[in-house]
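Each chain gets a letter, A, B and so on, in the order its sequence line appears, and its residues count up from 1.
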Amino acid sequence: MSDDLNHVLRARRDKLDALAARGIAPFAYGFDRSHHAAECVPLLGDAEEGAVVRLAGRLVALRAHGKTTFAHLGDPSGRVQLYFKKDVLGEDGWALCDLLDLGDVIGVQGPLFRTRTGEVTVRVEQLELLAKSLRPLPFGKEETVDGKVVRHSGFADGEQRSRQRYADLAVHPEVRALFVARTRMNTAVRGFLDGLGYLEVETPVLQPLYGGAAAKPFVTHHNALDMPLFLRIADELYLKRLVVGGFDRVYEIGHDFRNEGIDRTHNPEFTMLEFYEAYADYTAMMARVEALMITAATAVRDVLSAAGLATDAPAFDPAVLQGPFARMEWLPSLSSALHVPDVTALSDAELRAAAEKIGVHGVGSLSRPKLMDELFQFHVESKIDRPTFVVDYPKELSPLAKPKRGNPELTERFELFARGKEMANAFSELNDPIDQRQRFEAQARLKAAGDEEASGVDEDYLRAMEYGMPPMGGVGIGMDRLFMYLTGTAHIRDVILFPTMRPE
RNA sequence: GACCCGGUAGCUCAGUCGGUAGAGCAUGCGGCUUUUAACCGCCAGGUCGUGGGUUCGAUCCCCACCCGGGUCACCA
């Protein structure tokens with residue numbers, strides 16, 4: 001295997017030697033471009049011969065014909081055909097052309113013209129090698145059938161595509177477009193929040209206490225302070241401290257870290273958006289979420305449409321995202337799914353039996369709210385397809401949310417579900433430090449009893465709240481999952497440039 | 001963690017009902033001055049995931065392990 005690879009690599013190294021013998025530097029310092037590939041077609045227009053252009057990019061197709069060679073040059077804008085002819089290039093230029101490989105980065109200069117088959121092409125008069133490719137990229141062959149690009153024998157191994165994202169991107173323009181769409185989505189969301197007067201901030205990734213969610217943390221150690229530090233599992237508690245400080249509307253987009261399993265919807269580090277707005281309650285935040293979803297979908301659709309990647313994903317169907325989204329109350333929807341008048345009237349034994357029936361383990365050690373949550377996830381959440389707000393969760397499941405007006409056993413909390421997955425989680429944020437301390441202490445008891453995901457008491461956060469925390473609404477949105485939903489992507493690793501993987 | 005599927009040439013895959021393997025593309029050489037999955041000819045390239053077992057003989061059968069994918073479980 002390695003022998004053969006060496007054989008392939010050897011051939012490219014030999015070309016380096018041949019280039020050196022001709023005094024050609026294989027790795028350049030720069031190149032002045034006049035245009036991008038996609039500009040060539042409009043630039044030539046209906047003419048047969050056109051202006052001289054200077055383009056740079058990667059050789060993505062190469063067809064040698066003796067004393068002429070056809071190739072395609074790819075750059076971020078697209079691709080354009082190149083025509084090399086010995087007579088035009090001269091002895092030295094042709095010698096270099098002869099040593100080109102698929103994957104080389106080159107710069108060319110020459111006039112545009114139209115070939116016999118009508119394709120807009122650069123007649124290369126000057127050729128510069130900008131970076132010799134010493135390792136073959138796994139290009140597939142492409143043909144166009146009925147206007148659609150069909151790729152043969154390409155780079156298909158999902159694991160290798162994730163590991164070598166640089167190669168995946170280099171040979172798959174549609175993957176580049178997908179990640180451009182992801183960045184545009186973030187940009188659009190920032191614009192949306194900025195436009196509402198939100199301030200983007202940066203809070204600590206390394207935290208002496210972790211909180212704001214239920215998850216196992218990554219633990220590290222600071223040498224100089226000789227103390228443990230945790231990678232954050234959520235931004236929540238720091239952002240709300242800032243609202244105490246007088247920043248009425250704040251948000252952060254950053255990575256959270258959870259030391260749990262990896263599967264198609266979980267990566268140990270993932271991108272979280274959290275935003276907090278003083279004097280708003282959770283109903284106001286629902287409207288924010290609806291508008292944000294439309295903003296994000298529009299940005300994604302614009303990029304993918306321009307790249308010719310129109311799909312049937314939600315981003316392309318405004319009707320799916322047209323608000324207001326459906327509302328569903330937690331307790332009544334669970335009662336309805338279980339075909340009982342009132343789930344809270346069921347005995348502990350009946351709840352445990354129902355949970356056991358759907359395969360929940362260790363039902364004996366779970367509290368009533370936890371049992372109901374299991375039932376809810378199985379019977380309700382997983383069946384929600386169109387975007388739907390589930391509202392008013394039990395208090396025990398929501399230690400940072402305010403009690404619901406009129407029913408203190410519930411909290412003013414909503415989660416947004418779509419296609420069976422959680423997209424957002426939000427509350428009317430608890431701002432009563434006395435109540436918050438009791439909730440923390442209840443969590444601490446769970447933690448002491450062995451619940452690894454329960455939080456402890458965060459005294460500094462309580463101190464901040466005691467200074468007076470304005471009422472506020474807060475929302476957390478998993479950006480990876482939002483983007484997966486909008487693009488119809490099945491695996492989180494396909495929306496993360498460098499997903500966490502076992503070392504090779 | 002359980003179960004199912006897979007790991008063969010650089011890439012995409014086929015195959016051997018057990019006798020140490022093939023194709024296309026890519027690479028190398030030769031030919032070709034408007035091609036586009038270019039084409040034509042030739043050459044080379046693999047200890048068939050790892051370790052053990054059965055066997056005269058294993059890439060194929062058995063066991064274990066490693067890696068990947070899927071389903072389920074877990075995951076406020």
Side-chain angles (χ1 to χ4, degrees), chain A residues 1-12 14-15 60-72 79 81-89 94 101-103 113-119 121 123 135-145 149-160 162-163 167 171 212-216 233-234 258-266 268 330 358-362 369-370 372-374 376-378 381 390 393-401 411 413 415 422 425 427 443 446 451-455 476 490-491 493 501-504:
Chain A
M1 186 172 96
S2 60
D3 281 349
D4 189 55
L5 187 58
N6 286 340
H7 168 250
V8 175
L9 294 181
R10 189 71 255 162
R12 301 250 173 143
D14 289 345
K15 290 187 183 180
V60 297
L62 195 58
R63 298 178 294 280
H65 295 72
K67 295 182 180 63
T68 68
T69 291
F70 284 91
H72 277 88
R79 47 153 63 190
Q81 183 166 256
L82 306 178
Y83 179 55
F84 300 93
K85 192 175 182 184
K86 188 175 182 182
D87 300 345
V88 173
L89 278 168
W94 184 249
D101 285 300
L102 206 57
F113 76 107
R114 194 177 304 280
T115 64
R116 201 157 62 193
T117 58
E119 181 162 351
T121 302
R123 181 183 290 110
R135 183 180 293 272
L137 278 165
F139 281 107
K141 294 241 169 181
E142 289 179 4
E143 65 175 328
T144 304
V145 180
V149 174
V150 178
R151 194 174 289 126
H152 302 270
S153 303
F155 190 30
D157 184 322
E159 182 191 352
Q160 293 309 319
S162 295
R163 284 191 190 285
V171 304
K216 295 172 197 160
I233 59 172
R258 298 186 181 177
N259 204 342
E260 292 166 353
I262 297 175
D263 63 29
R264 66 189 183 290
T265 56
H266 295 84
W330 201 86
I358 59 169
V360 176
H361 298 300
K370 292 266 189 189
M372 287 193 276
D373 190 43
E374 295 285 352
F376 189 84
Q377 287 180 28
F378 183 87
E381 275 185 20
V390 174
Y393 282 65
K395 189 172 170 183
E396 184 189 312
L397 300 176
S398 316
L400 298 166
T411 54
R413 172 182 178 185
E415 293 198 321
E422 178 187 337
N425 181 22
F427 336 122
Q443 286 288 305
L446 289 175
D451 184 343
E452 288 185 82
E453 296 189 336
S455 55
H491 296 77
R493 70 164 193 215
M501 300 187 80
R502 191 186 300 275
E504 283 182 270

Report task. Using the P atoms only, state how far B:C60 lies from B:G49, rounded to an integer number of Å. Result -> 8 Å
Report summary line: Contacts of A:Asp87 and A:Ala61 projected onto RNA chain B by closest heavy atom; the upstream (5') one is A:Asp87
Query raised in the report: Is there a Watson-Crick or G-U wobble partner for B:U71 with both distances under 3.5 Å, and if so, which one is it?
Result: B:A2
Query raised in the report: Under 4.0 Å: is that the gap between some side-chain N or O of A:Lys141 and OP1 or OP2 of B:U12?
Result: no
Query raised in the report: Do A:Arg63 and A:Gln81 come within less than 4.5 Å of each other through their side chains, counting heavy atoms only?
Result: yes
**Report entry** N or O in side chain of A:Arg12 less than 4.0 angstrom from B:U27 OP1/OP2
**Finding:** no
Requested in this report: Answer yes or no: side-chain N or O of A:Arg63 and base N or O of B:U35 forming a donor-acceptor pair under 3.5 Å.
Outcome: yes
Query - Rounded distance (Å) that lies between atom P of B:A37 and atom CD of A:Glu143 - result: 6 Å
Report task. Give A:Phe427 one of three labels, base, sugar-phosphate or nothing, depending on what nucleic acid heavy atoms sit under 4.0 Å from its own. Result -> nothing
Query raised in the report: Within this structure, what is the NE2-to-C1' distance between A:His65 and B:C32, rounded to whole angstrom?
Result: 8 Å
Query raised in the report: Whole-Å distance between B:U12 C1' and A:Asp157 CG?
Result: 11 Å
Query raised in the report: Any luck finding a side-chain donor-acceptor pair between A:Glu119 and A:His72 under 3.5 Å?
Result: yes
Report task. Find the distance between CZ (A:Arg163) and CE (A:Met501) and round it off to the nearest 0.5 Å. Result -> 4.0 Å
Report task. Give, for atom OG1 of A:Thr68 and atom CH2 of A:Trp94, the distance between the pair rounded to the nearest 0.5 Å. Result -> 6.0 Å
Report task. Figure out the NE2/C1' separation between A:His72 and B:A38, and round it to whole Å. Result -> 12 Å
Query raised in the report: With no hydrogens and no angle check, is any side-chain donor or acceptor of A:Glu260 less than 3.5 Å from a backbone partner on A:Lys216?
Result: yes
Requested in this report: With P as the reference atom in both, quote the distance from B:C11 to B:U50 in angstrom, rounded to an integer.
Outcome: 15 Å
Requested in this report: Give the rounded distance in Å between these two atoms: CG of A:Leu9 and C1' of B:A26.
Outcome: 13 Å
Query raised in the report: Please give, in whole Å, the distance from B:U27 P to A:Lys15 NZ?
Result: 7 Å
**Report entry** Between B:C42 and B:C5 - C1' atom distance, rounded Å
**Finding:** 40 Å
Query raised in the report: Nearest-Å distance, CZ (A:Phe139) to P (B:G10)?
Result: 19 Å
Report task. Let me have a per-nucleotide readout for nucleotides 71-76 of chain B, 5' to 3', with B, S or -, counting only protein heavy atoms under 4.0 Å. Result -> SSSSBB
Query raised in the report: Quick one: which of B:C11, B:G28, B:U33 gets closest to the side chain of A:Lys67?
Result: B:U33
Query - Worked check of salt bridge (Lys or Arg N to Asp or Glu O under 4.0 Å) between A:Glu415 and A:Arg413 - result: CA-CA 7 Å; A:Glu415 293 198 321; A:Arg413 172 182 178 185; 2.9 Å; yes
Query raised in the report: P atom, B:A64 versus B:G69: distance in rounded Å?
Result: 22 Å
Requested in this report: Have a look at A:Arg493 and say if it touches a base, only the backbone sugar-phosphate, or nothing, with a 4.0 Å heavy-atom cut-off.
Outcome: sugar-phosphate
Query raised in the report: Looking across every strand, which nucleic acid part, if any, lies under 4.0 Å from A:Lys395 by heavy atom: base, sugar-phosphate, or nothing?
Result: nothing
Report task. Please list, chain by chain and in numerical order, all residues satisfying ring pair (Phe, Tyr, Trp, His ring centres under 6.0 Å) with A:Phe84, sequence neighbours excluded. Result -> none
Query raised in the report: Which value, in whole Å, describes the distance between the C1' atoms of nucleotides B:U59 and B:G51?
Result: 15 Å
Report task. Could you let me know what B:G51 is paired to, Watson-Crick or G-U wobble, both distances under 3.5 Å, or none if it's on its own? Result -> B:C63
Query raised in the report: Could a donor-acceptor pair under 3.5 angstrom be found where the side chain of A:Glu119 meets the base of B:U34?
Result: no
**Report entry** P-based separation of B:C65 from B:A2 [nearest Å]
**Finding:** 10 Å
Report task. Please name all residues satisfying ring pair (Phe, Tyr, Trp, His ring centres under 6.0 Å) with A:His65, sequence neighbours left out, ordered by chain then number. Result -> A:Phe70
Query raised in the report: Between A:Lys85 and B:U34, does any side-chain N or O lie under 4.0 Å from OP1 or OP2?
Result: no
**Report entry** Distance, nearest 0.5 Å, that separates OG1 of A:Thr115 from CZ of A:Arg123
**Finding:** 10.5 Å
Query raised in the report: Side-chain donor or acceptor of A:Thr115 under 3.5 Å from a matching atom on the base of B:U35?
Result: yes
Query raised in the report: According to the Watson-Crick and G-U wobble definitions, with both distances under 3.5 Å, which nucleotide is paired to B:U12?
Result: B:A23
Query raised in the report: When you compare B:A26 with B:C39, how far apart are their P atoms, in angstrom units rounded to a whole number?
Result: 7 Å
Query raised in the report: Taking atom C1' in both B:U8 and B:U47, what distance in whole Å separates the two?
Result: 12 Å
Report task. For A:Leu62 and B:A26, give me the distance from atom CG to atom C1', rounded to whole Å. Result -> 12 Å
